[in-house]
Amino acid sequence: MTAYVVFDFEAILDKDNPLPEGADPDRVPAVPHLAIVSGAILALVVEGGHIRVQPPRLLGGPAGGDEAAIVRDFVGMVGERRPVLVSWNGRGFDLPLVIARSVRHGIVAPWLWDRDFEDRYRGNKHVDLQDAVSFRGAGRPARMASFACLCGWPGKLGVDGSDVEGLWAKGPEGRDAVRRYNLADVASEAAILLRLLVCRGDLTLDEYRDAARALLAHVDGDERLAVLRPAIDREIFLLADAASLTPALSLDAV
């Protein structure tokens with residue numbers, strides 16, 4: 001059995017650790033100057049030729065939670081279950097952010113320094129999708145939304161990371177919008193993961209389609225993901241034009 005957990009965090013400037021004077025306002029701040037306001041995960045369990053796709057959920061509680069609750073929920077779940085983490089640029093942003101906020105709150109999470117999660121080249125517990133589609137950074141980095149579009153998903157819809165600070169400052173309605181955006185991101189990253197697994201030969205076409213339909217069922221059944229429904233090209237996502245998927249021939253077979 002292999003359990004994949006897609007994760008994503010949203011953050012705003014930490015008012016208690018402001019940017020140094022002269023910092024470039026157009027650059028993403030270093031993680032010590034950011035505070036987590038939302039986190040989301042979506043788990044996929046592969047067992048015996050079947051994939052069970054679980055619904056996405058917010059970290060910290062059903063409606064989210066404060067920063068310490070979000071971080072404790074995440075690091076506790078990973079420490080206990082040791083799944084394969086899946087992210088988009090999680091090695092460059094999300095996990096360093098978790099380390100910084102664990103330092104802030106004194107949260108114990110030894111696995112963050114475990115080679116299986118930490119090592120870019122030898123670790124086997126973190127699939128950073130941005131790395132996986134760029135030969136671990138040898139190719140030009142791409143945005144998650146660009147690869148989501150290749151899978152029939154819309155990528156970003158009206159909100160992106162640069163909007164989080166302003167939305168959060170608007171109060172409850174804006175904060176709900178941030179949480180919906182967070183959930184939509186993990187659903188989109190799960191779609192990319194499924195396509196990666198079938199392209200790597202880890203899933204058959206039938207297994208992929210079953211998992212893709214299960215993911216779509218969560219989108220259709222969760223009002224927080226309603227914005228995604230009309231924007232997903234389901235024929236592209238389900239590989240409707242693919243009769244079969246077979247590995248490329250080896251040189252020995254030519």
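- Note on Leu203: it does not cluster hydrophobically with Ile236, by side-chain heavy-atom contacts below 4.5 Å among ILVMFWY residues.
- At distances below 3.5 Å, at least one donor-acceptor pair connects side-chain atoms of Asn17 with backbone N or O atoms of Pro32.
- Proximity of Glu10 to Asp8: side-chain heavy atoms (C-beta onward) are separated by under 4.5 Å at one or more points.
- Across Ser134 and Arg140, no two heavy atoms sit closer than the pair CB-O, 4.4 Å.
- The closest side-chain heavy-atom distance from Asp222 to Pro55 is not below 4.5 Å.
- Here the side chain of Ser188 pairs a donor or acceptor atom with the backbone of Ala184 at under 3.5 angstrom.
- For the ring pair (Phe, Tyr, Trp, His ring centres under 6.0 Å) condition, the pairs that include at least one residue of residues 35-75, sequence neighbours left out, are Phe7-Phe74, Phe9-Phe74, Phe74-Trp111.
- Under the salt bridge (charged side-chain N to carboxylate O under 4.0 Å, His left out) criterion, Asp185 pairs with Lys156, not counting sequence neighbours.
- Not counting sequence neighbours, the partners of Arg81 by the side-chain contact (heavy atoms from CB on, under 4.5 Å) test are Met77, Pro83.
- Nearest heavy-atom pair, Gly64 versus Arg179, reported as atom, atom and distance to 0.1 Å: CA-NE, 4.3 Å.
- Between Trp88 and Phe147, the ring center distance clears the sub-6.0 Å criterion.
- Under a 3.5 Å cut-off, the side chain of Asp116 and the backbone N or O of Lys125 do not form any donor-acceptor pair.
- Using a 4.5 Å heavy-atom threshold, the side chains of Glu165 and Leu13 count as touching.
- Annotation for Arg143: atom CZ does not count as buried by contact number, only 12 or fewer foreign heavy atoms lying within 6.0 Å.
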Ser87 vs His126, side-chain contact (heavy atoms from CB on, under 4.5 Å): CA-CA, chis, key distance, verdict: CA-CA 8 Å; Ser87 68; His126 184 191; 2.7 Å; yes
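- The two residues Arg224 and Pro62 have their closest heavy-atom pair at NH1-O, 4.1 Å.
- Between the side chains of Asp206 and Thr204, no donor N or O sits under 3.5 Å from an acceptor N or O.
- Side-chain contact between Val5 and Val84 is absent, with no heavy-atom pair separated by less than 4.5 Å.
- Placement of Ile12 and Phe93 in two distinct hydrophobic clusters is found when ILVMFWY residues are connected by side-chain heavy-atom separations under 4.5 Å, directly or transitively.
- Taking all atoms of both residues into account, the shortest heavy-atom contact from Gly60 to Asp73 is N-OD2, 2.8 Å.
- Scanning for side chain to side chain donor-acceptor pair (under 3.5 Å) contacts around Arg101 gives Asp14, Glu67, with sequence neighbours left out.
- Looking at Arg57 and Ile41, their side chains come closer than 4.5 Å, going by heavy atoms from C-beta outward.
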Show your working on salt bridge (charged side-chain N to carboxylate O under 4.0 Å, His left out) between Asp128 and Arg120 and close with a plain yes or no. CA-CA 9 Å; Asp128 187 323; Arg120 185 178 193 180; over 6 Å; no
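- Atom CG of Asp163 sits about 8.5 Å away from atom NZ of Lys170, to the nearest 0.5 Å.
- Here the side chains of Leu216 and Arg234 are in contact, with some heavy-atom distance below 4.5 Å.
- Put simply, Met144 and Val159 are part of two different groups of oily side chains (I, L, V, M, F, W, Y) that touch within less than 4.5 Å, one to the next.
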Asp220 and Arg213: CA distance, side-chain angles, deciding distance, salt bridge (charged side-chain N to carboxylate O under 4.0 Å, His left out) verdict: CA-CA 10 Å; Asp220 291 338; Arg213 291 187 185 101; over 6 Å; no
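- Using a 4.0 Å cut-off between charged nitrogen and carboxylate oxygen, Arg82 and Asp114 count as a salt-bridge pair.
- The CZ atom of Arg209 sits 7.5 Å away from atom CG of Leu238, with the distance rounded to the nearest 0.5 Å.
- Residue Tyr121 belongs to no hydrophobic cluster, having no ILVMFWY side-chain heavy atom closer than 4.5 Å to its own.
- Taking the side chain as every heavy atom from C-beta outward, Cys199 and Arg195 approach each other to under 4.5 Å.
- Across Leu197, Ile51, Leu42, Val45, a single residue satisfies side-chain contact (heavy atoms from CB on, under 4.5 Å) together with Tyr4, and that is Leu197.
- The one candidate from Val127, Val133, Asp131 that meets the side-chain contact (heavy atoms from CB on, under 4.5 Å) condition with Leu129 is Val127.
- Under the 4.5 Å side-chain heavy-atom criterion for Ile, Leu, Val, Met, Phe, Trp and Tyr, Val53 and Leu58 are members of the same hydrophobic cluster.
- The shortest non-hydrogen separation linking Pro141 to Gln130 is CB-NE2, 3.9 Å.
- Here OG of Ser162 is found 9.5 Å from CG of Leu167. Values are rounded to the nearest 0.5 Å.
- Nearest heavy atom pair, residue Ala211 against residue Leu194, reads CB-CD2, 3.7 Å.
- Contacts classified as ring pair (Phe, Tyr, Trp, His ring centres under 6.0 Å) and involving residues 150-198 (residues at least two apart or in different chains) are given here: Trp153-Phe237.
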Determine, stepwise, if the pair Gln54 / Leu44 fulfils side-chain contact (heavy atoms from CB on, under 4.5 Å). CA-CA 6 Å; Gln54 298 180 358; Leu44 306 92; over 6 Å; no
Please evaluate residues Leu228 and Leu157 with respect to the criterion side-chain contact (heavy atoms from CB on, under 4.5 Å), reporting the C-alpha separation (whole Å), side-chain torsions for both, the decisive distance (0.1 Å), and the verdict. CA-CA 8 Å; Leu228 292 173; Leu157 285 171; 4.1 Å; yes
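- Val186 and Val178 fall into different hydrophobic clusters, defined by Ile, Leu, Val, Met, Phe, Trp and Tyr side-chain heavy atoms under 4.5 Å apart, directly or through other members.
- The structure places CG of Leu85 at 5.5 Å from CZ of Phe117, a figure rounded to the nearest 0.5 Å.
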Assess the residue pair Val164 and Val37 against the criterion (side-chain contact (heavy atoms from CB on, under 4.5 Å)); give the C-alpha distance rounded to whole Å, side-chain angles, the decisive distance to 0.1 Å, and a yes or no. CA-CA 9 Å; Val164 169; Val37 293; 4.3 Å; yes
